[in-house]
Amino acid sequence: MTVFCLAELDGDTVADASLRALTLARGLAAEEATGLACVVFRAPGTSVAPALAAYPDELATYGASDIYLVSGVDGYAPQAWARALAELLAAAGPTPDGPGHAPGTAGRAVVAAGTEHGNEVMAHLGALTGLPMTANCVAVSRAEAGALGIIRQRWAGLLLEEAVLDAPAALLTVATEAVLPELAPAPGPAVAHEVALSVSDADLVVRAVEAPAGAGGASLATARVVVGGGRGVGSAEGFASLEELAGLLGGAVGVSRVVTSEGWRPHSMQVGQTGTKITPDLYLACGISGAIQHFAGCAGAKHIIAINTDESAPMMTRADYAIVGDLHEVLPALIKALRARALGG
Ligand SMILES: Cc1cc2nc3c(=O)[nH]c(=O)nc-3n(C[C@H](O)[C@H](O)[C@H](O)COP(=O)(O)OP(=O)(O)OC[C@H]3O[C@@H](n4cnc5c(N)ncnc54)[C@H](O)[C@@H]3O)c2cc1C
């Protein structure tokens, strides 16, 4: 098998962003008539055995034929993760010759979601292997012998570029807001493998040992509901009602850049061109004007509701539903109504 996909975890499940990457990787594997191998790094504090029991079923429904569960790295460590991927890629060996393949070229690829972690790991993988990395892909197919035809986003998704990638192996990240997760039409069983990685101290120079749920990153990128707050929230304390609402809806809080610049919330919560790209079912944008750089991060939301005192704000004109009003009045009313409904009142 020669197409690998990095599967990031979000709590106990595979992150939605990775299921989207897996969907694109499956199409590539089918074109190349190769297997699709998922690479999973176990979360800190979990034992290998239960994880091996759980993930193969979920990943197999998305078309994975093999699952490599890597131990030896406790938590997120971008260079160590890249080292593991480089070793798996090397162990897969050169691609057998076939129709349209130049020896050792087409058919070898590593795909990851275009999340902060996915992009960082793939950049390290490119540095370790000397292979070119192509970010923000929305479609990949075989071009002429040995090369891949790639459509990818540029300028925060405002432009689509057609490119040809001719490399011994393709390193790709996926613009997750542009690819929907789709189950495999005819999934088979997946074979699970354990990989014990021995890493050097140098590979662990950057390492996250804790990943609190809802702290941004993968959780924000994969949340089904995001409650967004902008300058209109007015202060760090003003976010209490947004956090309460997000809690009631089982979602995450996202913010505009003004909020991070003001120091009201950390950059890990920023949505936009220079923040996280979100793809929720519902984005509730409160006190956010909807600048193009913010919209670049939330355009993948299925539904947008905007709350703003200015009915002509771009976010209001682009939203599915627009509420003209002060968010400090609208949100408490919404929370009260949701609480009443939860109590059956
Ligand atoms: C290179 C570059 C990259 C950038 N990347 C990003 C990015 O990734 N993400 C991002 O968000 N921005 C980004 N920006 C910044 C972006 O251009 C905007 O400045 C920013 O998004 C505006 O944030 P805002 O909507 O919170 O603030 P504002 O534009 O000031 O809008 C505040 C809104 O709140 C409304 N409001 C005020 N009070 C209330 C109230 N009580 N109730 C309801 N509504 C109220 C106002 O009517 C207004 O529409 C980037 C800019 C550049 C140049």
Side-chain angles (χ1 to χ4, degrees), residues 17 113-120 135-136 153-159 173 175-178 215-223 225-246 249 251-280 282-301 303-337:
T115 56
E116 285 190 5
H117 286 184
N119 281 321
E120 189 175 25
N136 296 323
Q153 290 182 350
R154 303 301 299 264
W155 296 3
L158 296 178
L159 187 80
T173 65
T176 47
E177 73 276 20
S219 297
L220 179 59
T222 61
V225 176
V226 174
V227 180
R231 193 198 303 270
V233 174
S235 65
E237 296 71 36
F239 275 87
S241 57
L242 282 85
E243 277 150 7
E244 188 177 357
L245 182 61
L249 297 172
V253 172
V255 303
S256 72
R257 191 163 97 170
V258 166
V259 171
T260 59
S261 304
E262 291 287 338
W264 297 344
R265 286 296 180 272
H267 179 263
S268 60
M269 295 175 76
Q270 182 174 313
V271 172
Q273 179 183 333
T274 47
T276 300
K277 308 262 190 318
I278 58 170
T279 55
L282 174 64
Y283 182 43
L284 187 63
C286 313
I288 296 176
S289 60
I292 190 75
Q293 296 90 353
H294 185 83
F295 210 76
C298 66
H303 305 283
I304 296 178
I305 300 177
I307 305 172
N308 202 303
T309 44
D310 177 4
E311 64 180 320
S312 62
M315 187 59 88
M316 296 287 269
T317 56
R318 289 174 155 184
D320 298 287
Y321 298 95
I323 301 169
V324 184
D326 183 338
L327 68 92
H328 297 296
E329 292 171 12
V330 177
L331 289 183
L334 204 51
I335 290 167
K336 194 172 164 197

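Ligands are counted one by one from 1 in listed order, and the atoms in each one are counted from 1 as well.
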Asks: What closest approach, in Å, do L242 and G228 show between heavy atoms, and which atom pair accounts for it?
Replies: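 Heavy atoms of L242 and G228 come nearest at CD2-O, 3.5 Å.
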Asks: Specify the protein heavy atom at minimum distance from atom 26 (O) of ligand 1: its residue, its atom name, and the distance to 0.1 Å.
Replies: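 Checking every protein heavy atom, the shortest distance to atom 26 (O) of ligand 1 gives S256 OG, 2.6 Å.
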Asks: Would you mind running through ligand 1 and noting each atom that sits below 4.0 Å from a heavy atom of Q273?
Replies: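 In order of numbering, the contacting atoms are 7 (C), 8 (O).
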Asks: Give the numbers and elements of all ligand 1 atoms closer than 4.0 Å to a heavy atom of G325.
Replies: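 The atoms of ligand 1 under 4.0 Å from a heavy atom of G325 are 42 (N), 43 (C).
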Asks: For atom 45 (C) of ligand 1, find the nearest protein heavy atom and state the residue, atom name and distance (0.1 Å precision).
Replies: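 Minimum-distance protein heavy atom for atom 45 (C) of ligand 1 reads T309 OG1, 3.4 Å.
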Asks: Could you check whether atom NE2 of H267 has more than 12 heavy atoms from other residues, nucleotides or ligands sitting under 6.0 Å from it?
Replies: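 Enclosed.
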Asks: Tell me, please: is G275 in heavy-atom contact with ligand 1, that is, under 4.0 Å?
Replies: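 Distance cut 4.0 Å: G275 passes for ligand 1.
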Asks: Between Q270 and L220, which heavy-atom pair has the shortest distance, and what is it?
Replies: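 Looking at all heavy atoms of both residues, the shortest contact is O-CD2, 4.4 Å.
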Asks: Which heavy-atom pair separates N308 from A313 by the least distance, and what is that distance?
Replies: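 Between these two residues, the closest heavy atoms are ND2-CB, 3.7 Å.
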Asks: Where is the nearest protein heavy atom to atom 11 (O) of ligand 1: which residue, which atom, and how far?
Replies: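 Going atom by atom, the protein heavy atom closest to atom 11 (O) of ligand 1 ends up being H294 ND1, 2.8 Å.
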Asks: Check each atom of ligand 1 against the heavy atoms of G232 and keep those under 4.0 Å away; list them by number with element.
Replies: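 Numbered from 1, ligand 1 contributes 34 (O), 36 (N), 37 (C), 38 (N), 39 (C), 40 (C), 41 (N), 45 (C).
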Asks: Would you say A296 touches ligand 1, if touching means a heavy atom closer than 4.0 Å?
Replies: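 Heavy atoms of A296 never come under 4.0 Å of ligand 1.
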Asks: Taking only heavy atoms of V271 into account, list the atoms of ligand 1 that are under 4.0 Å away from them.
Replies: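 Listed by number with element, the hits are 7 (C), 8 (O), 9 (N), 10 (C), 11 (O).
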Asks: For residues 230-244, which residue pairs pass the salt bridge (charged side-chain N to carboxylate O under 4.0 Å, His left out) check, not counting sequence neighbours?
Replies: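 Output for this query lists E243-R265, E244-R339.
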Asks: Just to confirm my output: which protein heavy-atom neighbour is closest to atom 28 (P) of ligand 1, and how far is it?
Replies: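 For atom 28 (P) of ligand 1, the nearest protein heavy atom is S289 OG, 3.6 Å.
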Asks: If you look at every heavy atom in A113 and A17, which pair is closest and at what distance?
Replies: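 Heavy atoms only, the tightest pair is CB-O, 3.5 Å.
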Asks: For ligand 1, which atoms, with element, lie under 4.0 Å from some heavy atom of G230?
Replies: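 The list of qualifying atoms is 26 (O).
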Asks: Return the closest protein heavy atom for atom 53 (C) of ligand 1 as residue, atom name and distance.
Replies: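 The answer is Q293 NE2, 3.8 Å.
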Asks: Ligand 1 and L327, any nitrogen or oxygen pair closer than 3.5 angstrom?
Replies: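 Checking ligand 1 against L327, an N or O pair does fall under 3.5 Å apart.
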Asks: If the cut-off is 4.0 Å to any non-hydrogen atom of A291, which atoms of ligand 1 fall inside it?
Replies: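 Once the distances to A291 are compared, the set is 16 (C), 17 (O), 18 (C), 21 (O).
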Asks: Please state which option from R257, R231, Q270 has its nearest heavy atom closest to atom 2 (C) of ligand 1.
Replies: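 Of the listed residues, R257 has the closest heavy atom.
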Asks: What protein heavy atom sits nearest atom 34 (O) of ligand 1, and how far away is it?
Replies: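 Answer, as residue, atom name and distance: G287 O, 3.0 Å.
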Asks: Looking only at heavy atoms, what is the nearest atom pair of A301 and Y283, with distance?
Replies: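 A301 and Y283 have their closest heavy atoms at CB-CB, 3.8 Å.
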